[in-house]
2 protein chains.
Amino acid sequence: MRVSELASESGVAVATIKYYLREGLLAPGAATSSTGASYTEEHLRRLRVIRALTGSAGLSVHRTREILAIIDSPQPDLYDTLGRAVAALPPYPDPELHTDHPRARAVLERLGQLYDPGYAAVAQLEDALRAAEEAGVAIDDERIDVYGTHLRAIAEFDVARMPQGAPSSSIEYAVLGTALYEPIILALRRLAHQDVAARTLG
Amino acid sequence: MRVSELASESGVAVATIKYYLREGLLAPGAATSSTGASYTEEHLRRLRVIRALTGSAGLSVHRTREILAIIDSPQPDLYDTLGRAVAALPPYPDPELHTDHPRARAVLERLGQLYDPGYAAVAQLEDALRAAEEAGVAIDDERIDVYGTHLRAIAEFDVARMPQGAPSSSIEYAVLGTALYEPIILALRRLAHQDVAARTLG
DNA sequence: ATATCTAGATAGTACAACTATCCAACCCGC
DNA sequence: GCGGGTTGGATAGTTGTACTATCTAGATAT
């Protein structure tokens with residue numbers, strides 16, 4: 001497949017594909033001459049993953065490269081690798097020394113979950129809780145219980161569905177699942193809001 | 001309160017506050033002279049809301065202004081106003097004519113929820129489903145059932161908690177709740193993943 | 001042989017979100 | 001009543017991101 005075909009198949013402009021090549025998101029095609037290269041279905045798939053991450057999931061090109069690099073280089077410690085991969089997904093808490101995360105800690109203790117201050121999602125939770133609080137819509141314990149219970153049920157389903165194959169495919173699945181299912185979850189919540197509101201108010 | 005105090009109280013630079021004033025996100029203070037104005041607690045609160053929306057919720061200044069305008073001008077039709085407000089929250093589906101949303105429609109029918117093609121979250125859901133599909137991690141019916149059930153439970157709780165006061169406060173609450181609780185929901189899911197994974201794998 | 005395509009390099013664009021500077025007017029303490 | 005710091009208002013500059021366009025020179029298709 002030539003660049004122009006890759007472009008038309010994926011709907012991405014040739015200039016943009018060149019940009020991704022320069023930025024190291026996409027591997028170069030097999031050179032057929034000094035001014036020619038051929039691309040495979042694998043390139044097309046990768047390009048779709050790039051567009052899914054930069055588009056729907058809202059990642060920057062820089063973060064997308066980080067995540068692809070993690071997916072591409074399988075590491076022995078799956079658990080740690082998953083942590084790093086998910087930490088590369090937005091949102092990004094400002095790295096001003098959060099030594100403790102009092103709000104997040106209280107929430108996790110209430111839910112009976114482990115509190116690991118090194119995990120990025122803890123800082124994300126802390127920031128989100130603080131933002132809600134400062135905007136005057138702080139969450140209370142009951143809401144935490146409701147959210148926590150249902151999200152844990154979702155997470156249990158997700159983990160049960162994790163493929164047991166090679167680490168790299170597990171990581172790819174986990175990263176894509178985290179990044180690409182999140183917009184689905186938010187959209188479903190919004191639609192459920194509308195449906196519930198229509199039934200109870202209308 | 002002077003600008004400098006507003007700045008130090010909120011942690012936002014004076015130059016940035018001036019920028020928000022120019023952009024119409026923040027109302028001018030009461031002029032005390034040709035080169036002086038005083039700001040109130042209300043300004044401080046508004047500034048915190050702006051930072052919560054542009055920061056944690058990831059909205060652009062432009063979208064933030066739209067949402068604040070909706071909150072500020074109460075409309076008779078609460079249901080419609082809520083729809084417009086939530087539509088101003090990310091993500092923003094490309095407005096290339098989505099006349100139908102086959103994936104979203106199938107999901108909503110399966111969940112027994114109403115399908116209204118005019119609602120922004122439907123297009124968001126369609127885009128998210130398509131992105132997951134194209135990246136090779138399409139969701140199946142069972143996952144839809146699990147996600148749908150639990151998110152509906154969350155939504156029922158949210159709606160039951162809606163304040164019954166003035167429309168403008170309902171709208172502010174709904175918009176802030178939608179925008180600011182979403183990061184909390186995502187963080188809780190990620191932390192639940194970690195916790196479940198640690199317990200089952202570790 | 002001529003029109004089209006290609007890789008690789010470099011430069012340019014468009015937008016967002018600030019950030020900095022300047023000015024003249026003002027107020028505050030002394 | 002005066003000097004230092006502050007203010008509103010205007011304007012210009014900066015940084016970063018994600019492309020987009022142009023150019024060169026060789027390769028390929030018809």
Side-chain angles (χ1 to χ4, degrees), chain A residues 1-40 43-44 47-68 88-92 94-95, chain B residues 1-40 43-44 47 49-68 88-92 94:
Chain A
M1 194 186 313
R2 291 181 295 181
V3 225
S4 53
E5 292 172 285
L6 190 60
S8 60
E9 282 288 317
S10 63
V12 178
V14 172
T16 305
I17 291 174
K18 285 186 174 187
Y19 168 65
Y20 291 154
L21 288 167
R22 276 200 305 281
E23 292 298 318
L25 303 192
L26 195 62
T32 56
S33 75
S34 76
T35 65
S38 76
Y39 299 86
T40 65
H43 285 95
L44 183 55
L47 198 46
R48 286 203 234 268
V49 170
I50 292 169
R51 295 301 276 196
L53 290 175
T54 61
S56 175
L59 269 69
S60 68
V61 166
H62 174 73
R63 296 285 180 170
T64 301
R65 178 175 47 225
E66 280 181 22
I67 289 190
L68 292 173
L89 298 174
Y92 313 108
D94 29 349
Chain B
M1 194 185 317
R2 292 180 295 182
V3 225
S4 53
E5 292 172 286
L6 190 59
S8 60
E9 282 288 316
S10 64
V12 178
V14 172
T16 305
I17 291 174
K18 286 185 173 188
Y19 168 64
Y20 291 154
L21 287 167
R22 275 200 306 280
E23 292 297 319
L25 302 192
L26 196 61
T32 57
S33 74
S34 76
T35 65
S38 77
Y39 300 86
T40 65
H43 286 94
L44 183 56
L47 197 46
V49 170
I50 293 169
R51 294 301 275 197
L53 290 175
T54 60
S56 176
L59 269 69
S60 69
V61 165
H62 174 73
R63 296 285 181 171
T64 301
R65 178 175 44 225
E66 280 180 22
I67 288 190
L68 292 173
L89 298 174
Y92 313 108
D94 29 349

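Every chain is numbered from 1 and lettered A, B, ... according to where its sequence line falls, protein lines coming before strand lines.
- With rounding to the nearest 0.5 Å, the separation of NE2 in A/H62 from CD in A/E66 is 4.0 Å.
- Among the heavy atoms of the strands, none lies under 4.0 Å from A/A31.
- In this structure, B/E9 contributes its side chain and B/L6 its backbone to no donor-acceptor pair below 3.5 Å.
- If you walk DNA chain D from 5' to 3' and mark each nucleotide with an atom closer than 4.0 Å to a heavy atom of chain A, the marks span D/dA18 to D/dT28.
- Using a 4.5 Å heavy-atom cutoff, the side chains of A/L44 and A/Y39 are not in contact.
- Remark: A/R63 CZ to A/L53 CG distance equals 13.0 Å, nearest 0.5 Å.
- Proximity of a side-chain donor or acceptor of B/S8 to a complementary backbone N or O of B/S4 within less than 3.5 Å is detected.
- The backbone N or O of B/E23 sits less than 3.5 Å from a side-chain atom of B/R65, completing a donor-acceptor pair.
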Inset, instruction - Summarise protein proximity over nucleotides 11-27 of chain C in one line of letters, 5' to 3': B for base, S for sugar-phosphate only, - for none, counting protein heavy atoms closer than 4.0 Å. - result: ------BBB-----BSS
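- Rounded to the nearest 0.5 angstrom, A/H43 NE2 and A/S38 OG are separated by 8.0 Å.
- Take B/Y20 and apply the side chain to side chain contact (heavy atoms under 4.5 Å, CB included) test, not counting sequence neighbours, and it matches B/V12, B/T16, B/L25, B/L26, B/L47, B/I50, B/R51, B/T54, B/V61.
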